[in-house]
Novice: 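Quick one: the structure is below, and I'll ask about it shortly.
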There are 2 protein chains.
Amino acid sequence: MREDTSKHSIDTRSRILDAAEALFMEHGFDGTSMRLITAQAGVNLAAINYHFGSKELLFQEVFRRRLTDLNRRRIEALDALEAEAGGAPLKPSRIVEAFFGTALRMAADVEGGGHTFMRLLGRTYTEPNDFVRQFLAEEYAECVDRFLAALYRALPEVARTEILWRFHFMMGAMSYAIAGTDALQLLAGKFDDEDPARLASRLMSFLLGGLRAPLADPGPA
Amino acid sequence: MREDTSKHSIDTRSRILDAAEALFMEHGFDGTSMRLITAQAGVNLAAINYHFGSKELLFQEVFRRRLTDLNRRRIEALDALEAEAGGAPLKPSRIVEAFFGTALRMAADVEGGGHTFMRLLGRTYTEPNDFVRQFLAEEYAECVDRFLAALYRALPEVARTEILWRFHFMMGAMSYAIAGTDALQLLAGKFDDEDPARLASRLMSFLLGGLRAPLADPGPA
DNA sequence: GTATGATTAAAACAGTTGTTTGAGTTTGTG
DNA sequence: CACAAACTCAAACAACTGTTTTAATCATAC
């Protein structure tokens, strides 16, 4: 519950956060018990409720400590693009790169924990828990609004609904790509080595291809 | 545990399966209790263990009764394509249409339960439970092998690793698109009405755009 | 050193989990 | 009708859930 205090406790806090991040990623929210987290972190069971208040609040803190950073960096990248363009509309591919490239760079950081977190994030997009969805939506709101506005301006001739859908599809491809590479080995066998580093460039060209694809036939009304 | 028997029990069985399908979709495997399922199905708590053996086996049966059908239809569509081509290599877009279009048509069937199931399936790709992943991988193996082989033959000049990745990305975009339309409202507000019917054509043109995108720069080795 | 507050520790809390039991009811067959 | 199998039911099982409590330990300022 405390904000932050002596060095004694900040160690316990971050040990809990690290263990929780890895375990939530592996087993989901409902599948991860407090006893599992505290055992892996090497702290007492009551420490979670003492430091975070509840399991839900711990979960939110696991996200907040990284997601705030991620979305801030995304917005900074967009700011830089707009400053560079000086009022002129941006290239859609640059916008997409700013949003997804930033995330993919975080996912490539294995030692710092960014990789684990991005896998957790990818899975959490489809988490069934209500409070998780609402929390994520709030945490994303500002960043998504900024990027959608930029895309609307960059593609004035395209219906906004279509841009929304494409953005949605791109989110899905990225989430799944990050969350699923070593999770569900549906395409078993052939993925293994050397690849994670090149995931970013592969995914990015796929996303841009999808973004640039001709709009679908509206079909029979 | 029984294979199938009197009309008394097949009603109980399918009532359980229907309730479980909807609840697993809404709350996930760990988040759905047996008491919740049996209450919604209007049957006794012990009925699940009696008819299916365990919660895990019920979960698998929820998938098997629809997934077997889906993948069989996919393979039939591919068979039809190959018969029509008579030995000539297929157009990649036709292959992709056979795989994803079949799924999207199932997802468009709201009354028959296909919609609910496909949303469940989309979420389950990133389910953290071990037995779920292994079960899905087995259930998909034959179908995925057939379609990958077809894509390899249709795109002989493209490295197989690249095809694998693109297939992976396409799976992600579709899963997320189906599972997430009314789940995580990250792109809140603007999706609502009239759209679900046109999801298929929108997604398909996005997927094909991604599939046709120029290959990524291999980058620094 | 002693007092003060922050942190940790072990134990217990009430509630929920999936599963099993054993008696009851229904169903189909001779 | 009688018999046996299939099925349903309420109750209980032990194990586990997140949380709280109470006492012990630690760090720090006076």
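Note that the structure is predicted; figures quoted are calculated from it, not measured. Quick note on labels: first sequence line is chain A, next is B, and so on, each numbered from 1.
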Novice: Do Arg72(B) and Glu76(B) pass the salt bridge (Lys or Arg N to Asp or Glu O under 4.0 Å) test, and can you show the C-alpha distance, the side-chain angles, and the key distance before you say yes or no?
Specialist: CA-CA 6 Å; Arg72(B) 186 183 42 73; Glu76(B) 285 173 4; 2.8 Å; yes
Novice: In this structure, how many angstroms lie between the C1' atom of dT17(D) and the CD1 atom of Ile37(A), rounded?
Specialist: 12 Å
Novice: Reading nucleotides 13-20 of chain C from the 5' end, what letters show protein touch, with B for base, S for backbone sugar-phosphate only, - for no heavy atom under 4.0 Å?
Specialist: ----BBBB
Novice: Round to the nearest Å and state the distance from Ile16(B) atom CD1 to dC9(D) atom P.
Specialist: 10 Å
Novice: Parallel under 30°, tilted from 30 to 60°, perpendicular over 60°: which one fits the rings of Tyr125(A) and Tyr140(A)?
Specialist: tilted
Novice: Return no unless some side-chain N or O of His51(A) is found under 4.0 Å from OP1 or OP2 of dA6(C).
Specialist: no
Novice: Parallel, tilted or perpendicular, judged at 30° and 60°: which one describes the rings of Phe147(A) and Phe99(A)?
Specialist: perpendicular
Novice: Nearest whole Å is fine: how far is dC16(D) P from His27(A) NE2?
Specialist: 15 Å
Novice: From CG of Asn44(A) over to P of dA9(C), roughly how many Å is that when rounded to an integer?
Specialist: 5 Å
Novice: Parallel, tilted or perpendicular: which fits the ring planes of Phe131(B) and Phe59(B), with parallel below 30° and perpendicular above 60°?
Specialist: perpendicular
Novice: Would you check if the distance from the ring center of Phe117(A) to the ring center of Phe63(A) is below 6.0 Å?
Specialist: yes
Novice: Just how far, in rounded Å, is C1' of dT25(D) from OH of Tyr50(A)?
Specialist: 12 Å
Novice: Can you tell me how far the CG atom of Leu104(B) sits from the CG atom of Asp109(B), to the nearest 0.5 Å?
Specialist: 13.0 Å
